[in-house]
Amino acid sequence: MPESWFRGLFDTALTTAIAPVDFLLCVGVSLALGLLLCAMTLWRSPFSRSLAVTLAILPAVVCVVIMMVNGNVGTGVAVAGAFNLVRFRSAREIGAIFVAMGTGLITGMGYLGYGFLFTLILGAAMMLYNILSQGLRPGAVLDRTLHITIPEDLDYAGVFDPILQEYTRRYTLTQVKTTNMGSLFKLTYDLTLKTPNQEKGFLDQLRLRNGNLEISLCHQDSGTASL
């Protein structure tokens, strides 16, 4: 390939150009480290599939960005500002994303060995924390999300509290919205059941209060990401 294909239109004699072989090597290593980091981060952890893909490709993306900045302070400030526009849902996802970004930063600067070492250390640390968090929260399997549909004339404030206090360890009303052209309300609770074998009785008690309208009880989706 002609070498001119890999030079920028605005390069000068003082600009250091990246050789195509070095570029491919850094990107290839970044992709491999991204896959390794993704596997280690998601091990025994309920992250979403979209976050898994993000963790796998983000080191390569950041690597390319760093190589293209190549000492340009103004471009570097603009890139940092762009990263600040990203918002996440949970602290755990923030940590995983920044580890992936750190991997890309290291490989983008050419330190491939340090990038590999950084991935192994931080990936192992996250695997350990996943194990410890599951051991510290044995009741996590009892976490549920409850959706209750009620008629519009029912005052939902406190109407289900006695039932929730009887069957759950904790509960929080997280969302109230109208449905069916405004003729119904749908309440969403995040809760932790006391015992898993009382779900049937729990739902039967709720049906007596909501007029036998639709009720759903599902596992909490705590691993979704919003990028």
Side-chain angles (χ1 to χ4, degrees), residues 37-55 86-100 122-227:
L37 180 64
C38 176
M40 298 178 75
T41 303
L42 272 63
W43 186 65
R44 293 191 178 182
S45 185
F47 283 114
S48 65
R49 184 176 300 177
S50 61
L51 182 62
V53 175
T54 301
L55 291 178
V86 183
R87 293 295 180 267
F88 307 95
R89 181 172 298 176
S90 71
R92 179 181 295 183
E93 291 165 2
I94 294 175
I97 290 294
F98 275 100
V99 170
L122 270 296
M126 286 187 288
M127 292 172 67
L128 177 62
Y129 294 152
N130 287 339
I131 296 175
L132 293 177
S133 64
Q134 290 178 358
L136 293 174
R137 292 196 60 205
V141 294
L142 300 177
D143 291 345
R144 297 288 190 274
T145 296
L146 174 67
H147 301 281
I148 309 177
T149 303
I150 62 174
E152 62 176 343
D153 58 349
L154 178 63
D155 185 5
Y156 56 82
V159 66
F160 299 108
D161 285 358
I163 302 174
L164 293 169
Q165 291 170 3
E166 178 181 356
Y167 287 93
T168 70
R169 297 176 183 172
R170 63 161 189 89
Y171 61 91
T172 304
L173 179 62
T174 59
Q175 186 183 57
V176 179
K177 71 175 184 178
T178 60
T179 185
N180 196 28
M181 302 293 291
S183 61
L184 300 172
F185 283 92
K186 178 171 285 189
L187 313 180
T188 301
Y189 290 88
D190 284 341
L191 53 87
T192 301
L193 296 173
K194 290 182 178 178
T195 55
N197 57 0
Q198 293 184 335
E199 287 187 0
K200 178 64 167 56
F202 179 44
L203 294 178
D204 287 341
Q205 292 295 321
L206 293 173
R207 289 167 54 200
L208 296 177
R209 295 289 181 94
N210 81 326
N212 205 26
L213 294 174
E214 180 182 3
I215 299 176
S216 68
L217 185 66
C218 57
H219 289 275
Q220 284 187 18
D221 184 10
S222 59
T224 56
S226 178
L227 300 182

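Model, not experiment: these values are computed from the prediction.
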Once you round to the nearest 0.5 Å, how far does CG of Leu187 lie from CD1 of Ile215? 10.0 Å
Mind telling me whether Tyr156 and Phe185 have parallel, tilted or perpendicular rings, with 30° and 60° as the class edges? tilted
Scan for salt bridge (charged side-chain N to carboxylate O under 4.0 Å, His left out) pairs involving residues 172-197, sequence neighbours excluded, and state none if there are none. none
Asn210 side chain vs Leu213 backbone, donor-acceptor pair below 3.5 Å: yes
For Leu193 and Leu191, which heavy atoms make the closest approach, and how far apart are they? CD2-CD1, 3.8 Å
Distance-only donor-acceptor hits, side chain of residues 146-153, under 3.5 Å, sequence neighbours excluded:
unit_1	atom_1	unit_2	atom_2	d
His147	ND1	Thr188	OG1	3.1
Thr149	OG1	Glu214	O	3.3

How long is the span from the CG atom in Leu208 to the CD1 atom in Ile163, to the nearest 0.5 Å? 7.0 Å
Sequence neighbours left out, cut at 3.5 Å: what donor-acceptor pairs do the side chains of residues 197-205 make with other protein atoms?
unit_1	atom_1	unit_2	atom_2	d
Asn197	OD1	Thr195	OG1	3.1
Gln198	OE1	Thr195	OG1	3.3
Glu199	OE2	Arg144	NE	3.3
Glu199	OE2	Arg144	NH2	3.1
Lys200	NZ	Asp204	OD1	3.4
Lys200	NZ	Asp204	OD2	2.7
Asp204	OD1	Arg207	NH1	3.0

Worked verdict on Tyr189 versus Phe160 for side chain to side chain contact (heavy atoms under 4.5 Å, CB included): CA-CA 11 Å; Tyr189 290 88; Phe160 299 108; 4.0 Å; yes
